[in-house]
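If you read the sequence from its start, that first residue is 1, and numbering goes on from there.
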Amino acid sequence: VKQEALALIPTTRAEEGCIDYVLHQHTENSALFCFYENWRSKTDLDAHLQKPHLQAFAQKAPDLLAEPLDVQILKIVE
């Protein structure tokens, strides 16, 4: 999982509208990963979600992950 997630970073960071794309790994549960992403707009995020590299990861995800992806979209408050 880590290798596949790390492979997403360079391509995603080069995408238009990507402000931050940072992979985090839990300090006590090394099997738990989280991407912190910050996008210029919802349109840029939507375009990212359709990119071939992300679609390829999504297709592999059921075989790689113990649980389904948990995507949460938040907005900056202040």
Side-chain angles (χ1 to χ4, degrees):
V1 173
K2 186 175 185 177
Q3 181 180 0
E4 294 287 340
L6 286 169
L8 297 173
I9 295 173
T11 305
T12 299
R13 286 183 179 167
E15 289 179 42
E16 184 172 345
C18 180
I19 297 169
D20 292 309
Y21 195 75
V22 182
L23 180 63
H24 297 267
Q25 187 173 22
H26 197 281
T27 58
E28 295 177 14
N29 179 358
S30 63
L32 182 59
F33 294 90
C34 173
F35 270 111
Y36 171 81
E37 305 177 34
N38 192 8
W39 293 89
R40 181 180 56 197
S41 69
K42 177 77 165 70
T43 301
D44 292 324
L45 172 59
D46 291 342
H48 163 65
L49 296 174
Q50 299 306 313
K51 297 290 184 183
H53 66 280
L54 198 62
Q55 291 293 314
F57 179 81
Q59 289 180 344
K60 295 176 190 176
D63 294 329
L64 296 173
L65 305 177
E67 298 177 13
L69 289 171
D70 178 14
V71 177
Q72 299 181 25
I73 300 176
L74 309 170
K75 66 179 181 177
I76 296 173
V77 175
E78 186 175 323

Quiz item: Among all residues two or more places apart in sequence or in another chain, which pass the ring pair (Phe, Tyr, Trp, His ring centres under 6.0 Å) test with Phe57?
Solution: none
Quiz item: How far apart are the closest heavy atoms of Ser30 and Gln25, and which atoms are they?
Solution: O-NE2, 2.7 Å
Quiz item: What residues form a salt bridge (charged side-chain N to carboxylate O under 4.0 Å, His left out) with Lys2, not counting sequence neighbours?
Solution: none
Exercise. First locate atom CG of Leu45, then atom CD of Gln50, and finally report the distance between them rounded to the nearest 0.5 Å.
Key: 10.0 Å
Quiz item: Is it the case that one hydrophobic cluster holds both Leu32 and Val22, taking links as side-chain heavy atoms less than 4.5 Å apart, direct or via other members?
Solution: no
Quiz prompt | same_hphob_cluster(Leu64, Leu69) at 4.5 Å side-chain heavy-atom cutoff | solution = yes
Quiz prompt | Lys51: partners by salt bridge (charged side-chain N to carboxylate O under 4.0 Å, His left out), with sequence neighbours left out | solution = none
Quiz item: Taking atom CD of Glu15 and atom CD of Glu37, what is their separation to the nearest 0.5 Å?
Solution: 9.0 Å
Exercise. Measure the spacing between CG of Leu54 and CD of Gln59 and express it to the nearest 0.5 Å.
Key: 10.5 Å
Quiz item: Counting only N and O atoms by type, is there a donor-acceptor contact under 3.5 Å from the side chain of Gln55 to the main-chain atoms of Leu49?
Solution: yes
Quiz item: Under the ring pair (Phe, Tyr, Trp, His ring centres under 6.0 Å) test, which residues partner Phe35, sequence neighbours left out?
Solution: Tyr21
Quiz item: Considering residues at least two apart in sequence or located in another chain, which fulfil the salt bridge (charged side-chain N to carboxylate O under 4.0 Å, His left out) criterion with Arg40?
Solution: Glu16, Asp44
Quiz item: Under the salt bridge (charged side-chain N to carboxylate O under 4.0 Å, His left out) rule, what pairs show up with a residue in residues 58-74, not counting sequence neighbours?
Solution: Glu4-Lys60
Quiz item: What is the distance from atom OG1 of Thr12 to atom CG of Asp20, rounded to the nearest 0.5 Å?
Solution: 12.5 Å
Practice problem: Calculate, to the nearest 0.5 Å, the distance between atoms CH2 and CD1 belonging to Trp39 and Ile73 respectively. | Solution: 11.5 Å
